[in-house]
Amino acid sequence: MRMSLTTPSAALPPDLLDVELSDDYESLAMDACQLLSETDARFLVSGFGQEEWPVTLSYDLSSVIEQLPEAITRLRAGRSAEIDLYGQGIERCLTFEPRGDATEIRCVSGTAWRPDPDVEVLSRTAALELLTGLAADFGTALRKAAPELAARTPFANW
């Protein structure tokens with residue numbers, strides 16, 4: 001299982017950054033992902049028998065980023081967490097279930113595609129690093145593409 005975001009090669013032009021940003025987290029995450037989709041950054045997800053999942057920056061990454069803070073908090077507390085990639089065409093739900101020093105990640109598909117295997121096991125540390133690493137990638141990408149947006153909470157801490 002892998003989830004990462006590549007850093008854009010350049011900042012966005014000022015005219016693209018001249019948008020009114022929302023104050024609520026979900027809308028801010030959507031705005032940030034929409035802006036990043038205007039760059040050459042790439043959202044990469046693989047695992048469960050598929051090397052490269054058909055995900056988009058503007059929609060699929062947005063759905064993950066919306067759920068990321070709660071998932072990280074829950075995993076840190078040793079509780080189960082869920083990341084639902086609910087976008088049409090991908091429709092996959094990842095459930096992270098801590099089991100001692102390991103974390104089982106189960107993938108359930110809402111499409112004809114079937115994960116094989118449907119469970120992957122990472123160390124508890126590696127599972128948390130999967131999510132915190134994506135948050136760090138997101139913060140780095142925003143600092144490069146849209147520094148003012150990157151300074152907003154919670155992105156500034158990523």
Side-chain angles (χ1 to χ4, degrees), residues 1-8 21-37 41-143 145-146 149-158:
M1 172 89 239
R2 184 186 76 190
M3 289 197 304
S4 62
L5 177 64
T6 64
T7 303
L21 298 172
S22 179
D23 286 330
D24 74 277
Y25 175 71
E26 288 80 13
S27 297
L28 192 60
M30 286 188 280
D31 292 342
C33 290
Q34 184 60 45
L35 286 170
L36 285 174
S37 74
R42 291 190 60 219
F43 178 39
L44 305 168
V45 183
S46 65
F48 303 96
Q50 187 172 15
E51 186 55 36
E52 191 169 326
W53 290 16
V55 292
T56 65
L57 253 165
S58 60
Y59 195 83
D60 299 316
L61 178 62
S62 175
S63 69
V64 172
I65 295 300
E66 289 170 24
Q67 301 167 71
L68 203 53
E70 181 179 352
I72 290 170
T73 298
R74 292 183 65 82
L75 277 185
R76 280 189 175 136
R79 295 173 28 217
S80 64
E82 187 175 280
I83 298 287
D84 189 1
L85 288 99
Y86 48 76
Q88 186 175 357
I90 189 75
E91 301 168 52
R92 298 174 193 181
C93 186
L94 300 171
T95 303
F96 294 75
E97 191 66 52
R99 304 255 190 250
D101 290 339
T103 299
E104 288 183 4
I105 306 171
R106 179 172 304 279
C107 179
V108 176
S109 174
T111 68
W113 175 81
R114 294 291 170 243
D116 183 19
D118 66 343
V119 174
E120 293 191 11
V121 179
L122 297 178
S123 72
R124 208 166 153 188
T125 300
L128 186 57
E129 287 174 352
L130 176 76
L131 300 183
T132 58
L134 180 60
D137 289 350
F138 190 77
T140 300
L142 274 184
R143 282 188 288 282
L149 178 55
R152 306 267 306 254
T153 302
F155 309 137
N157 299 321
W158 294 3

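Note that the coordinates shown come from a computational prediction; the quantities given were computed from them, not determined experimentally.
Residues P54 and I90 come closest through the heavy atom pair CD-CD1, 3.8 Å. The shortest heavy-atom contact between A156 and A151 is CB-O, 3.5 Å. Considering every non-hydrogen atom in both I105 and M1, the closest pair reads CD1-CG, 4.2 Å. For A145 against P8, the heavy-atom pair with the smallest separation is CB-CG, 3.8 Å. A pairwise comparison of heavy atoms in T153 and L28 identifies O-CD2, 3.9 Å as the closest pair. Between F48 and D118, the closest heavy-atom pair is CE2-O, 3.6 Å.
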task: Begin from the C-alpha positions of S109 and E91 and carry the test side chain to side chain contact (heavy atoms under 4.5 Å, CB included) through to its verdict.
output: CA-CA 6 Å; S109 174; E91 301 168 52; 5.9 Å; no
field: Derivation and outcome, side chain to side chain contact (heavy atoms under 4.5 Å, CB included), residues C33 and F138
entry: CA-CA 9 Å; C33 290; F138 190 77; 3.7 Å; yes
message: Would Q34 and L57 count as a side chain to side chain contact (heavy atoms under 4.5 Å, CB included) here? Give the steps.
response: CA-CA 7 Å; Q34 184 60 45; L57 253 165; over 6 Å; no
task: Report the C-alpha distance between L5 and R42 in whole Å, list the side-chain angles of each, state the deciding distance to 0.1 Å, and finish with yes or no for side chain to side chain contact (heavy atoms under 4.5 Å, CB included).
output: CA-CA 6 Å; L5 177 64; R42 291 190 60 219; 5.9 Å; no
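Crowding of D101 atom CG: a count of heavy atoms from other residues, nucleotides or ligands under 6.0 Å not exceeding 12. For E70, the CD atom counts as loosely surrounded, since its 6.0 Å shell holds 12 or fewer non-hydrogen atoms of other residues, nucleotides or ligands.
Under the 3.5 Å distance criterion, with hydrogens and angles disregarded, no donor-acceptor pair is assigned to the side chains of Q50 and R114. In this model, a donor atom of one side chain and an acceptor atom of the other lie less than 3.5 Å apart for E66 and S62.
Side-chain contact between S37 and T56 is absent, with no heavy-atom pair separated by less than 4.5 Å. Counting heavy atoms from C-beta on, the side chains of V121 and T103 never come closer than 4.5 Å. Residues S80 and R74 have side chains in contact (heavy-atom distance under 4.5 Å, counting atoms from C-beta outward).
Salt-bridge check for E82 with R106: failed, with every basic side-chain N at 4.0 Å or more from each acidic carboxylate O.
Taking OG from S58 and CG from D60, the interatomic distance works out to 7.5 Å, rounded to the nearest 0.5 Å. Interatomic distance, S46 OG to W53 CH2, rounded to the nearest 0.5 Å: 8.5 Å. One finds the CG atom of L36 at 5.0 Å from the CG atom of L142 (value rounded to the nearest 0.5 Å). For the atom pair CG of L134 and CG of L61, the computed distance is 6.5 Å after rounding to the nearest 0.5 Å. Distance check, rounded to the nearest 0.5 Å: CG of L85 to SG of C107 gives 8.5 Å. For the atom pair D84 CG and L94 CG, the distance stands at 8.5 Å (nearest 0.5 Å).
Counting only distance, with no hydrogens or angles, the side chain of E51 and the backbone of G47 share no donor-acceptor pair below 3.5 Å. Using a distance-only test at 3.5 Å, with no hydrogens or angles considered, no donor-acceptor pair links the side chain of E120 to the main chain of E104. Of the possible polar contacts, none joining the R92 side chain to the V108 backbone as a donor-acceptor pair under 3.5 Å is found.
Counting only residues at least two apart or in different chains, side chain to side chain donor-acceptor pair (under 3.5 Å) contacts with residues 124-143 comprise T140-R143.
Using the six-membered ring where Trp is involved, F155 and Y25 have ring planes that are tilted, between 30° and 60° apart.
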